[in-house]
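This report refers to the structure that appears directly beneath it.
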Amino acid sequence: MPHTRTTAEWQAADAAHFLHPFTDFKALAAKGSRIITKAEGIYLWDSDGHKIFDAMSGLWCVNVGYGQRSLIDAATRQLETLPFYNAFFQTATPPAIALAEKIASLSPPGFEHVFFTGSGSEGNDTIVRMVRRYWDLLGQPERQVIISRQNAYHGSTMAGASLGGMVDMHSQGGLPIPGIVHIDQPYMVEHAQPGESRDDFGRRAASWLEAKITEMGADKVAAFIGEPIQGAGGVIIPPDTYWPEIQRICDQHGILLVSDEVICGFGRLGEWFGSQRLGFKPDLMTFAKGITSGYIPLGGVLVGERVARVLIDQGGDFNHGYTYSGHPVACAVALANLQLIEEQGLVQRVRDDTGPYLARQFLALQDHPLVGEAETCGLMGAIRLVRRKAQGAQAAEAFGSDQPAGMLCRAHCFGNGLIMRAVGNRMIVAPPLVMTTVQIDEMMALIRRCLDLTWTEVQALGWV
Ligand code: PMP
């Protein structure tokens, strides 16, 4: 769309008509939105011509960066040939079939089937209905309970937000829906005991699942769901011992294990799927975002053979689906996106080159007076801002709830042409996978500048 209005005109029309997601409408209208008008590679531009380094890949999704010709051409070709047809009427389109086949070929052994949705939230709604259907078909309809974690993010539909563990979301709209319960997240900063090792903490955090299963009764539990690394919850990287122990507990009780790969899938952690990096074998995987690099909406569920065999061989109708399940244009773009990721070797590049490089740069941030910890996995990282650093046995001191250092830092990022997200006082990056080490250097220089400015400000405010 031509960029035909002034910033003030766009802002006025935006405030008058557009209700943004997860937004205080009144506060934003008073402040005015930033209008993003174009993008190329890892950069965005706003309506005032400012160039912005997008260290969040849009919203954790633009894995191949902006402006990739092959994705644009795939969409155009498919729009010309067949812009839409459904998969309800005993019909299918070539892009949807080819994409399901392609995803199965990229996934770990035992994943042969794909159910398409329009988004990650719809994918997780599908998970709820599919796991309960699975147990119904096996003659165990009382297995209804799905266990998730505090501070998880699994989407914003009724089931997605219920699976999620966000207190602010549960406080609106009568959530969670019945049969969904939560355990604590494996976040050492909040839950580790004094002197507890990382490995011991990982095992103890996994044992909370066992306790919850005992509390609910194992014969009532259908599944456990988790993001390999919690994203929107603040990039919480669990200890290496956590997921294998979760797997063991699920196996022991016969409970389905679901990996929400909406952020971690398609190369973000240096493997095709985050569960491969974190060392576990789920029965089902939700995906979205990186499957099309966000160029067009698409999500879905990868269904492992344990569940697929029951649904297919014993199933009858599965009364669930969406108009856009297997949308041909979205699937064509996804195929072009996966081809590009393969041709450019992006998954290996993150694993062997840019991921380890980013990890070293984050480690070097530890010397900054504002940084408690700075950690990464693949191209996903978090910096925890603290008011006093750890000293000897003394743990780092967090900012008070009335000291939103993350918000101050985010404002400095905004002012300095960098998009980093603030989750409380954790500053988050998840840059495009096409990023080079030279661009990582550029990002790190921007991050340091913004940390310095934030440090000066919190000192002036007397917060440290
Ligand atoms: N799961 C995870 C792990 C996510 O991060 C998100 C979105 N941030 C979702 C599900 C929901 O995806 P969508 O916004 O496409 O519905």
Side-chain angles (χ1 to χ4, degrees), residues 20-23 54 56-63 115-131 146 148-166 168-170 173 175-176 180 182 185-187 223-238 243 257-269 273-275 277-278 280 282 284-302 322-325 327 330 333-334 337 377-382 419 421-423 426 428-430:
H20 295 220
F22 286 94
T23 293
D54 184 9
M56 274 306 297
S57 306
L59 200 50
W60 322 85
C61 53
V62 188
N63 287 4
F115 192 100
F116 287 117
T117 69
S119 67
S121 302
E122 290 176 3
N124 283 324
D125 275 48
T126 302
I127 290 281
V128 172
R129 303 199 60 200
M130 194 177 271
V131 301
I146 301 174
S148 179
R149 299 178 297 178
Q150 304 294 350
N151 226 17
Y153 190 85
H154 295 297
S156 197
T157 50
M158 292 297 276
S162 298
L163 289 172
M166 301 286 182
D168 290 349
M169 291 175 79
H170 288 183
L175 301 179
I180 296 177
H182 300 81
Q185 55 181 161
Y187 185 26
F224 173 74
I225 184 169
E227 305 151 75
I229 292 176
Q230 285 182 325
V235 181
I236 309 299
I237 304 173
W243 276 111
L257 178 53
V258 184
S259 183
D260 182 337
E261 299 272 352
V262 169
I263 288 177
C264 297
F266 303 104
R268 170 70 46 206
L269 304 184
F273 296 94
S275 45
R277 172 70 192 255
L278 277 283
F280 66 105
L284 296 146
M285 296 197 274
T286 323
F287 62 86
K289 297 190 189 273
I291 180 73
T292 57
S293 285
Y295 278 48
I296 196 161
L298 180 67
V301 174
L302 251 161
Y322 305 98
T323 300
Y324 300 132
S325 288
H327 192 292
V333 171
N337 176 58
C377 183
L379 283 195
M380 193 167 171
I419 293 191
R421 185 168 177 179
V423 178
R426 290 176 76 78
I428 307 301
V429 296

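The shown structure was predicted, so the numbers you read here are calculated from the model rather than taken from an experiment. Side chains included, hydrogens not; waters and symmetry mates left out as well; all remaining heavy atoms used. All ligand and atom numbering here is 1-based and tracks the order in the structure.
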Partners of Arg426 by salt bridge (charged side-chain N to carboxylate O under 4.0 Å, His left out), sequence neighbours excluded?
Glu375

Which heavy-atom pair separates Cys377 from Ile237 by the least distance, and what is that distance?
N-CD1, 3.8 Å

Is there a side-chain contact between Tyr295 and Asn337 in this structure, where contact means two heavy atoms from C-beta onward sitting under 4.5 Å apart?
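They are not in side-chain contact.
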
Phe273: ring-ring contact (aromatic ring centres under 6.0 Å, His included) partners, not counting sequence neighbours
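Testing Phe273 for ring-ring contact (aromatic ring centres under 6.0 Å, His included), a comparison that skips the adjacent residues, returns Phe266.
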
I'd like to check the ring-ring contact (aromatic ring centres under 6.0 Å, His included) partners of Tyr187; sequence neighbours left out, ordered by chain and number.
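If we apply the ring-ring contact (aromatic ring centres under 6.0 Å, His included) test to Tyr187, skipping adjacent residues, there are no hits.
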
Between Phe116 and Phe287, what is the ring plane arrangement, given parallel below 30°, perpendicular above 60°, and tilted in between?
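Ring orientation of Phe116 relative to Phe287: perpendicular.
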
Sorted by chain and number, the residues that approach ligand 1 to under 4.0 Å with a heavy atom
Ser119, Gly120, Ser121, Asn124, Tyr153, His154, Gly155, Glu227, Asp260, Val262, Ile263, Lys289

